[in-house]
Each structure stands twice: as structure tokens, then as C-alpha cells.
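What follows is a single structure, and I will ask about it in a moment.
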Amino acid sequence: MFGLAILAGLALWCILTLLAMIIGFKVFRYIKKSWLSGLLGVFTGFMLLMGGWFVYWYWEYHYLQKTVTKLCQKEGGLTVYVTPEEWRKQIGEEEWNNLPEDWKNISHNLHFQFQGKVYYGDSQLNKRVISFVAKDERKDIIGDYDKIYVDKKSNQVLYRIHIFSIGAPAIAISLRGLKFWLNHTNDCSVDKISYENRTFYTNYSNSSISKGN
């Protein structure tokens, strides 16, 4: 029903735009009887109700692309604070040999502060490593997903993966194409990060032993 209401609104918008173009043509032709004036009236009517949105969307696209490019270059991607090799040395071989991957959800009420930001509980990789997530609410439609993996015994942040993405708003998605170009911007969303970076967490569990050991 909501989609039908939106489509009806778009149809009404198109009809009103057409009327505005016709009225603009007649008014400008009345002021000055020439086809050039009439065409100017048509253009004015179009811009008043529809064309202005195209100008805004063009500006929005370039603003978002410029912003997300800077964010990805400055903050996005994978940042390693303690390499898997360094961490393995820190915890020792005895601990490492008893550290299979064992995924579990943890309470969102848990929180961890890092670099002035509050992160909330996400999941447990194994009995020693847990992840926390911060999802910043931006004023634009750029998604900001910031995830850290922490050694809960030492409170060390092992690594961080920060993702910025642009996507069409939910209302546009429901209309199957409105503002579709926002889904084709260059960002650093999860599907554009290498498989090795997406699965970097596997380096902090001992894959040579089974979950039950």
C-alpha cells in the first residue's frame, strides 16, 4: 500500500509539472509573443516543480562521493594494532594451543571505549577475543560501520575494520530505481574490501584445533 501511495504521488507530481510547463508557456507567450519566450516558460515551469530536484540530486551525488572518498582514505579499511604473530607470542603457545574459533553473540550492553568513541558488544570470536561495534549516526546517508576486535584479558585492541558506504534510502529502494545512482558510487563498503581483510579475524584463533578441544 505504501508503495502504491508513493507511485500515486509521483504520478500527481508529473501531472502538476506538466500543467506548470503549459501555464509557463502561456504566461511567457502572453508577456512576449515569441516561441523563445514560450520555451522559456516551459523550462521555468519544469524547473519549479521537477527540474530543481534533478539539480539537487546531481549536487548530492557529487557531495556524497567527495565526502566518502575522503573518509575512506583517512579512516576506512583495515588497521592492525597487534599483528597475529605478535599476539601469539604475547599469549604464549600453551594458550594458543587451546584457542579454537568459537563464535557466540555477546550482550550489546557491554561497551568499550577506544580513541574517544564508545563501542558496543557484538560477538565473541573465541574465549579470549571479542568484537565491539560503533555505528555513528551521520546527518547524510553515508553509512559508518566501525568494528574493533579486543583481547578481553589484556584489553588490547588487536585490529579495527572501518567501513563507509553510500546507498539509496529505503524509500528509494522500495520504488526500485529512484536515486539508483547512489548505489554505484565508489566507497569502501564491505563488498569492496578484500576477502583477506574481511576474514582477518581468523588469524586470531587456532584453526588447527577443533571447537570442542
Side-chain angles (χ1 to χ4, degrees), residues 60 63-170 173 182-183 185-209 211-213:
E60 180 187 41
Y63 164 77
L64 291 172
Q65 181 63 81
K66 182 178 180 180
T67 302
V68 81
T69 297
K70 288 183 178 179
L71 288 170
C72 288
Q73 291 175 346
K74 185 178 179 181
E75 304 176 40
L78 174 72
T79 303
V80 180
Y81 301 102
V82 183
T83 67
E85 295 76 19
E86 292 171 337
W87 186 66
R88 181 172 175 175
K89 288 180 181 179
Q90 287 179 11
I91 66 175
E93 287 301 304
E94 183 178 352
E95 178 83 337
W96 178 253
N97 289 327
N98 190 31
L99 204 65
E101 186 175 314
D102 186 15
W103 278 99
K104 296 177 182 177
N105 292 325
I106 62 175
S107 173
H108 190 69
N109 292 327
L110 293 176
H111 63 273
F112 189 90
Q113 290 192 354
F114 179 63
Q115 295 185 350
K117 184 185 290 189
V118 178
Y119 295 76
Y120 295 91
D122 178 59
S123 59
Q124 175 179 302
L125 172 61
N126 52 48
K127 66 181 182 180
R128 184 151 184 161
V129 178
I130 55 179
S131 64
F132 294 85
V133 172
K135 295 181 181 179
D136 287 349
E137 294 293 332
R138 296 177 56 87
K139 293 181 180 179
D140 49 37
I141 61 172
I142 296 174
D144 184 343
Y145 183 81
D146 190 358
K147 189 172 188 177
I148 57 174
Y149 285 80
V150 179
D151 181 340
K152 66 179 182 180
K153 289 188 177 180
S154 65
N155 277 335
Q156 281 183 301
V157 178
L158 303 175
Y159 85 94
R160 173 187 189 183
I161 190 159
H162 203 168
I163 294 168
F164 296 97
S165 59
I166 300 175
I173 294 173
L182 293 179
N183 290 321
T185 50
N186 294 317
D187 52 25
C188 47
S189 54
V190 65
D191 60 327
K192 296 176 184 176
I193 295 175
S194 69
Y195 176 79
E196 290 75 15
N197 285 354
R198 291 200 306 270
T199 59
F200 195 75
Y201 60 84
T202 59
N203 295 296
Y204 294 93
S205 288
N206 191 340
S207 60
S208 66
I209 54 179
K211 177 179 176 180
N213 291 343

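All figures in this text were calculated on a predicted structure; none of them were measured in a lab. Excluded from the calculations below are hydrogen atoms, water molecules and symmetry mates; all remaining heavy atoms, backbone and side chain alike, are included.
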Quiz prompt | Side-chain touch N155/F112, heavy atoms, less than 4.5 angstrom | solution = yes
Quiz item: Counting heavy atoms not belonging to E93, are there more than 12 under 6.0 Å from its CD?
Solution: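 Yes, because the 6.0 Å sphere around CD of E93 holds more than 12 heavy atoms from other groups.
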Practice problem: Any pair with a residue in residues 64-99 that passes disulfide bond (SG atoms under 2.5 Å apart), sequence neighbours left out, goes on the list, sorted by first then second residue, please. | Solution: C72-C188
Self-check item: Minimum heavy-atom distance between V68 and N186, given as atom pair plus value
Solution: CG1-O, 3.4 Å
Quiz item: Quick one: are H162 and D144 in side-chain contact, heavy atoms under 4.5 Å?
Solution: yes
Practice problem: Start with the C-alpha distance between F132 and I148, add both sets of side-chain angles, then the distance that settles side-chain contact (heavy atoms from CB on, under 4.5 Å), and finish with yes or no. | Solution: CA-CA 5 Å; F132 294 85; I148 57 174; 3.9 Å; yes
Donor-acceptor pairs under 3.5 angstrom involving side-chain atoms of residues 120-129: please list them, not counting sequence neighbours.
from: D122; atom 1: OD2; to: S131; atom 2: OG; distance (Å): 3.0
from: D122; atom 1: OD2; to: K147; atom 2: NZ; distance (Å): 3.1
from: S123; atom 1: OG; to: S131; atom 2: OG; distance (Å): 2.9
from: Q124; atom 1: NE2; to: N126; atom 2: O; distance (Å): 3.3
from: N126; atom 1: OD1; to: R128; atom 2: N; distance (Å): 2.9
from: N126; atom 1: OD1; to: V129; atom 2: N; distance (Å): 2.8
from: N126; atom 1: ND2; to: Y204; atom 2: O; distance (Å): 2.9
from: N126; atom 1: ND2; to: S205; atom 2: OG; distance (Å): 2.7
from: K127; atom 1: NZ; to: N98; atom 2: O; distance (Å): 3.2
from: R128; atom 1: NE; to: D151; atom 2: OD1; distance (Å): 2.9
from: R128; atom 1: NE; to: D151; atom 2: OD2; distance (Å): 3.0
from: R128; atom 1: NH1; to: E95; atom 2: OE2; distance (Å): 3.1
from: R128; atom 1: NH2; to: D151; atom 2: OD2; distance (Å): 3.2

Quiz item: Do T69 and Q73 get their side chains close enough for a donor-acceptor pair, meaning under 3.5 Å?
Solution: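 The answer is no; no qualifying pair exists.
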Exercise. Salt-bridge test for K70 and E75: reply yes if a basic N is under 4.0 Å from a carboxylate O, no otherwise.
Key: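 Judged by the 4.0 Å cut-off on N to carboxylate O distance, K70 and E75 do not form a salt bridge.
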Quiz item: Do any N or O atoms from the side chain of R160 and from the backbone of D146 form a donor-acceptor pair under 3.5 angstrom?
Solution: no
Self-check item: Candidate pair E60 and Y63, rule side-chain contact (heavy atoms from CB on, under 4.5 Å), full reasoning
Solution: CA-CA 5 Å; E60 180 187 41; Y63 164 77; 5.7 Å; no
Quiz item: Any idea which heavy atoms bring W103 and Y149 closest together, and the distance?
Solution: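 For W103 versus Y149, the nearest heavy atoms are CH2-OH, 4.0 Å.
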Quiz prompt | Residue pair W87, W96: steps toward the side-chain contact (heavy atoms from CB on, under 4.5 Å) verdict | solution = CA-CA 10 Å; W87 186 66; W96 178 253; 4.0 Å; yes
Quiz item: For F200 and V80, what are the C-alpha separation, side-chain angles and deciding distance, and is it a side-chain contact (heavy atoms from CB on, under 4.5 Å)?
Solution: CA-CA 10 Å; F200 195 75; V80 180; 3.8 Å; yes
